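Every value quoted in this text rests on a predicted model; they were computed, and no experiment measured them. Excluded from the calculations below are hydrogen atoms, water molecules and symmetry mates; all remaining heavy atoms, backbone and side chain alike, are included.
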Amino acid sequence: MSWIYLILAGLFEVGFTSSLVMAENAAGWGKTLWYGGFLVSLALSMYFLIIASWDIPMGTAYAVFAGVGAVGTALMGIFVFHEQVNFWRVFFLVTLIGSIVGLNLVSTPK
């Protein structure tokens, strides 16, 4: 279950980074709502990271958390915010995903 919490923490990291971009492109109450979404996503992300780190070593938990957030945010940039896609960007995203999977395979619970 700890790995599920860790993945959720990473997904909420994607939520708070995406909320910042959306807030910058919004006006009025929309901006306020996106900043509210940022705060909620940030709080949930940290909460799930804390719970996951009870059973997963902190070094592994943080690396996976940051990796899931980085890959998710990069994919959001590509698919939602229409950022450029090239060979090297995809190559390094794939190597990052491989590293996350590898950490999962070699890590043992506390």
Side-chain angles (χ1 to χ4, degrees):
M1 192 68 184
S2 296
W3 285 100
I4 292 171
Y5 290 137
L6 188 55
I7 299 301
L8 285 172
L11 292 176
F12 277 108
E13 181 181 7
V14 174
F16 75 72
T17 56
S18 298
S19 293
L20 286 177
V21 173
M22 296 302 290
E24 287 301 313
N25 296 324
W29 280 103
K31 185 179 277 292
T32 303
L33 290 174
W34 281 113
Y35 281 130
F38 165 79
L39 292 173
V40 170
S41 294
L42 178 64
L44 288 170
S45 181
M46 293 300 113
Y47 173 74
F48 286 125
L49 178 60
I50 290 167
I51 292 173
S53 68
W54 290 342
D55 292 324
I56 300 169
M58 181 47 85
T60 300
Y62 184 75
V64 171
F65 163 77
V68 168
V71 169
T73 300
L75 292 175
M76 284 288 289
I78 291 167
F79 292 112
V80 176
F81 301 115
H82 309 292
E83 295 175 358
Q84 73 172 4
V85 181
N86 60 42
F87 171 80
W88 290 111
R89 189 165 192 182
V90 173
F91 173 79
F92 288 118
L93 282 172
V94 170
T95 59
L96 183 55
I97 293 167
S99 297
I100 293 167
V101 170
L103 277 172
N104 185 356
L105 294 174
V106 301
S107 294
T108 57
K110 291 182 193 176

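- Shortest non-hydrogen contact noted between L103 and A63 is CD1-CB, 3.6 Å.
- Residues satisfying the side-chain hydrogen bond (donor to acceptor under 3.5 Å, both in side chains) criterion with T60, sequence neighbours excluded, are S107.
- Counting heavy atoms from C-beta on, the side chains of Y35 and E24 come closer than 4.5 Å.
- When the side-chain contact (heavy atoms from CB on, under 4.5 Å) test is applied to I4, the partners found at least two apart in sequence or on another chain are M1, L8.
- Atom OH of Y62 has 12 or fewer heavy atoms from other residues, nucleotides or ligands within 6.0 Å.
- When the options V85, I78, T95 are evaluated for a side-chain contact (heavy atoms from CB on, under 4.5 Å) with V90, the one that passes is V85.
- Residues forming a side-chain hydrogen bond (donor to acceptor under 3.5 Å, both in side chains) with Q84 (at least two apart in sequence, or on another chain): none.
- The side-chain contact (heavy atoms from CB on, under 4.5 Å) search around I50 returns W54, not counting sequence neighbours.
- Annotation for F87: atom CZ counts as buried by contact number, over 12 foreign heavy atoms lying within 6.0 Å.
- Residue F38 places its CZ atom among more than 12 non-hydrogen atoms of other residues, nucleotides or ligands, all under 6.0 Å distant.
- Minimum heavy-atom separation, A74 to L93: CB-CD2, 3.6 Å.
- Hydrophobic clustering places V71 together with F79 (ILVMFWY residues linked when any side-chain heavy atoms are closer than 4.5 Å, directly or through intermediates).
- Contact annotation: the side chain of M76 never approaches that of V21 to less than 4.5 Å [non-hydrogen atoms, C-beta and beyond].
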Side-chain donor-acceptor pairs of residues 39-48 under 3.5 Å, sequence neighbours excluded:
residue, atom, partner, partner atom, Å
S41, OG, G37, O, 3.0
S45, OG, A9, O, 2.9

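- To the nearest 0.5 angstrom, E83 atom CD is 10.5 Å from L75 atom CG.
- Hydrophobic clustering (ILVMFWY, side-chain heavy atoms < 4.5 Å, transitive): L49 and V14 are in distinct clusters.
- Neither F12 nor L33 shares a network with the other; the hydrophobic side chains, linked directly or stepwise wherever heavy atoms of I, L, V, M, F, W or Y lie under 4.5 Å apart, form separate groups for each.
- When the shell of 6.0 Å around CH2 of W34 is examined, it contains 12 or fewer heavy atoms from other residues, nucleotides or ligands.
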Report the C-alpha separation of I56 and Y5 in whole Å, then their side-chain angles, then the decisive distance to 0.1 Å, and conclude whether the side chain to side chain contact (heavy atoms under 4.5 Å, CB included) test is met.
CA-CA 10 Å; I56 300 169; Y5 290 137; over 6 Å; no
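- The side chain to side chain donor-acceptor pair (under 3.5 Å) analysis of residues 65-80, with sequence neighbours excluded, yields the pairs T17-T73.
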